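Small disclaimer: the values here were computed from a predicted structure and weren't measured. Below, chain A is the first sequence line, B the second, and so on; all start at residue 1.
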Number of protein chains: 2
Amino acid sequence: MELDLSQTEENYLKAIYSLFVVSNKAVSTNKIAEKLATKASSVTDMIKKLAEKDLVNYVKYQGVSLTGKGKEIAIHVIRKHRLWEVFLVRHLGFQWDEVHEVAEQLEHVKSVKLTNGLDAFLDFPRYDPHGDPIPDKDGNFIKRNITVLSALKEGDESKIVGVKDSSSAFLKYLDNAEIKLGVEIKVLHKESFDHSMMLLIEGQKISISQQISSNLYVKQND
Amino acid sequence: MELDLSQTEENYLKAIYSLFVVSNKAVSTNKIAEKLATKASSVTDMIKKLAEKDLVNYVKYQGVSLTGKGKEIAIHVIRKHRLWEVFLVRHLGFQWDEVHEVAEQLEHVKSVKLTNGLDAFLDFPRYDPHGDPIPDKDGNFIKRNITVLSALKEGDESKIVGVKDSSSAFLKYLDNAEIKLGVEIKVLHKESFDHSMMLLIEGQKISISQQISSNLYVKQND
DNA sequence: ATAATTTTTTAGACTTGTCTAAAAATAGTT
DNA sequence: AACTATTTTTAGACAAGTCTAAAAAATTAT
Ligand SMILES: [Mn+2]
Ligand SMILES: [Mn+2]
Ligand SMILES: [Mn+2]
Ligand SMILES: [Mn+2]
């Protein structure tokens with residue numbers, strides 16, 4: 001029962017998985033097309049193929065969701081993606097905004113020994129450079145209690161633990177503003193006019209727009 | 001002038017390169033087909049495509065050779081292949097007979113930063129686990145003066161530096177017989193009947209068949 | 001030199017993944 | 001309920017890479 005999927009098929013499973021996670025309901029053809037920068041008609045074709053292989057549940061016009069097997073594969077690809085990202089940053093001198101593109105390629109390399117060997121070499125990291133949890137070899141991963149920074153109220157204190165947007169542009173902005181994962185922050189003021197925030201980060205007062213605060217994850221305080 | 005080749009195209013270039021190296025003349029369609037476990041007709045099709053891209057010199061019915069650009073790409077893929085093999089053995093606990101299959105996948109990952117970062121991480125290794133030289137980032141590599149062990153005469157002393165056959169079966173045989181790269185050997189006796197050899201390896205007397213001795217490379221003594 | 005054999009190329013077909021254009025189904029609006 | 005707009009699916013085509021079967025060229029043998 002060893003099915004060998006193409007990179008394309010794996011990418012579809014990953015896309016469906018991540019879209020399902022945010023909405024928690026059947027994923028639409030158009031959403032998948034947008035995510036994979038392809039056309040809706042191509043998506044329909046591929047969905048049929050994946051349904052044939054029992055990797056997705058598909059009812060015409062009703063959207064698609066992953067089966068157990070499909071979810072397992074999607075998570076395994078995500079595991080590889082994130083492990084490689086850790087490797088690139090820790091050992092090859094990549095910046096956190098440079099790793100994604102390469103990890104998109106490395107995630108499709110098929111070798112259980114490679115994946116688990118890499119995991120061990122990295123000492124079983126639990127988060128990738130963007131703060132996303134890394135599934136273990138059985139597909140289990142930490143479900144963190146997080147919110148976006150923009151949801152905090154004046155006076156709240158928390159810790160920055162991840163990014164929602166991991167585009168190179170956003171990550172470079174954060175580098176520039178010296179906002180790193182793991183730092184403690186305090187919300188000094190919320191401007192009701194434009195919803196910008198004044199933060200205290202490591203003794204520094206920094207003002208950030210809502211665009212920024214809504215793309216930063218902080219630890220949920222409770 | 002950035003051409004983006006498919007994995008298949010890269011594999012053809014690599015095959016043509018390695019076949020050319022042994023014969024030093026235009027490579028035949030059938031040889032390529034055999035090497036890549038495909039059909040001659042498929043090879044002809046692909047050769048035309050590569051000729052179109054100026055990666056090979058092709059004259060109908062006369063075989064094929066690499067252009068400068070084609071050779072450059074082939075060597076670059078080989079560089080990646082061998083660097084990954086070193087990584088897998090040194091850092092992920094792979095045996096030397098397990099690395100090839102995975103390296104066949106990793107060699108197609110495209111990122112200059114990745115390749116050069118890996119090279120630096122490994123401290124610029126000059127040989128892969130099978131004793132094959134690793135091209136540097138400019139495509140230059142050591143041309144060693146080597147012969148097959150079977151060519152040595154009685155009384156000759158040398159050092160084992162590589163394997164000609166790198167099949168898992170052969171490599172496992174070597175592991176079992178405790179024949180490793182880098183060890184000094186002395187030819188005690190050559191049996192004229194079956195061309196087997198009696199060797200002295202690290203104080204041990206070992207007899208090997210011609211099948212074995214003709215697949216081991218030793219340093220040329222002069 | 002001619003015939004037989006082998007190698008290489010061509011012709012036509014198939015699969016995967018994609019596309020555009022058009023049809024069908026669904027959702028939203030009056 | 002009927003019309004409109006949007007979403008999704010189908011139909012047909014294309015490029016990449018492969019295959020089988022047959023034709024053409026090159027090589028080897030007689
Ligand atoms: Mn990523
Ligand atoms: Mn990531
Ligand atoms: Mn190899
Ligand atoms: Mn090797």
Side-chain angles (χ1 to χ4, degrees), chain A residues 2-16 19-20 22-23 25-66 70 73-74 77 104-105 107-108 110, chain B residues 2-16 19-20 22-23 25-66 70 73-74 77 104-105 107-108 110:
Chain A
E2 286 302 307
L3 64 172
D4 206 9
L5 300 185
S6 68
Q7 301 199 177
T8 308
E9 289 171 315
E10 289 187 343
N11 284 335
Y12 271 89
L13 293 179
K14 224 176 29 142
I16 295 164
L19 289 169
F20 188 88
V22 300
S23 72
K25 56 179 206 272
V27 178
S28 80
T29 303
N30 265 358
K31 281 273 159 55
I32 299 170
E34 188 188 4
K35 182 120 194 166
L36 295 176
T38 184
K39 299 291 147 128
S41 57
S42 306
V43 173
T44 302
D45 286 347
M46 178 56 86
I47 284 172
K48 284 182 188 165
K49 219 175 95 184
L50 296 175
E52 197 57 47
K53 295 186 181 183
D54 265 310
L55 298 169
V56 300
N57 308 113
Y58 172 54
V59 184
K60 256 188 209 177
Y61 294 101
Q62 310 277 122
V64 70
S65 64
L66 295 178
I73 294 171
V77 175
E104 283 294 315
Q105 299 178 63
E107 72 186 5
H108 300 294
K110 284 169 183 70
Chain B
E2 288 299 309
L3 64 174
D4 206 7
L5 300 185
S6 68
Q7 301 199 177
T8 308
E9 290 171 316
E10 289 187 342
N11 284 335
Y12 271 89
L13 293 179
K14 221 175 33 143
I16 295 164
L19 289 169
F20 188 88
V22 300
S23 73
K25 56 177 205 271
V27 178
S28 79
T29 303
N30 266 357
K31 281 273 158 56
I32 299 170
E34 189 188 5
K35 182 117 192 170
L36 295 176
T38 183
K39 299 291 147 121
S41 56
S42 306
V43 173
T44 302
D45 285 348
M46 179 57 86
I47 284 172
K48 284 180 187 166
K49 219 174 96 182
L50 295 174
E52 198 57 46
K53 294 186 182 184
D54 264 311
L55 298 169
V56 301
N57 308 114
Y58 172 55
V59 184
K60 256 189 208 177
Y61 294 102
Q62 311 276 121
V64 71
S65 63
L66 295 179
I73 294 171
V77 175
E104 282 294 314
Q105 300 178 64
E107 72 187 5
H108 301 293
K110 284 168 183 71

Looking at [N], I'd like to know if its phosphate oxygens (OP1 or OP2) sit under 4.0 Å from a side-chain N or O belonging to [X].
{"X": "Asn30(A)", "N": "dT8(D)", "answer": "yes"}
{"X": "Thr8(B)", "N": "dA16(D)", "answer": "no"}
{"X": "Ser6(B)", "N": "dA16(D)", "answer": "no"}
{"X": "Ser42(B)", "N": "dC19(D)", "answer": "yes"}
{"X": "Tyr12(B)", "N": "dT18(D)", "answer": "yes"}

Without decimals, in angstroms, what is the distance between [X] [atom1] and [N] [atom2]?
{"X": "Lys60(A)", "N": "dA23(C)", "atom1": "NZ", "atom2": "P", "value": "17 Å"}
{"X": "Tyr58(A)", "N": "dA25(C)", "atom1": "OH", "atom2": "P", "value": "13 Å"}
{"X": "Leu5(A)", "N": "dT16(C)", "atom1": "CG", "atom2": "C1'", "value": "14 Å"}
{"X": "Lys53(A)", "N": "dT16(C)", "atom1": "NZ", "atom2": "C1'", "value": "10 Å"}
{"X": "Met46(B)", "N": "dA16(D)", "atom1": "CE", "atom2": "C1'", "value": "8 Å"}
{"X": "Asp45(A)", "N": "dA11(D)", "atom1": "CG", "atom2": "P", "value": "11 Å"}
{"X": "Gln62(A)", "N": "dA24(C)", "atom1": "CD", "atom2": "P", "value": "19 Å"}
{"X": "Glu9(B)", "N": "dA15(D)", "atom1": "CD", "atom2": "P", "value": "15 Å"}

Checking the side chain of Lys53(B) only, and the main-chain atoms of Gly70(B) only, is there a donor and an acceptor separated by less than 3.5 Å?
no
Under 3.5 Å, side chain of Lys110(B) to main-chain N/O of Leu5(B), donor-acceptor pair present?
yes
Closest to the 5' end of DNA chain C, once Ile47(B) and Lys39(A) are matched to their nearest nucleotides, is Ile47(B)
Quick one, Tyr12(B) and Val43(B) - any side-chain contact, counting heavy atoms below 4.5 Å?
yes
Between Val27(A) and Leu66(A), is any pair of side-chain heavy atoms under 4.5 Å apart?
no
Listed nucleotide nearest any side-chain atom of [X], set [options]:
{"X": "Tyr61(A)", "options": "dC19(C), dT26(C), dT18(D)", "result": "dT26(C)"}
{"X": "Thr44(B)", "options": "dT10(D), dT8(C), dC19(C)", "result": "dT8(C)"}
{"X": "Lys48(A)", "options": "dC19(C), dT10(D), dT8(D)", "result": "dT10(D)"}
{"X": "Thr29(A)", "options": "dT18(D), dT8(D), dT8(C)", "result": "dT8(D)"}
{"X": "Ser41(A)", "options": "dT20(C), dT9(D), dT9(C)", "result": "dT20(C)"}

Give, for atom NZ of Lys14(A) and atom CD of Glu104(A), the distance between the pair rounded to the nearest 0.5 Å.
3.5 Å
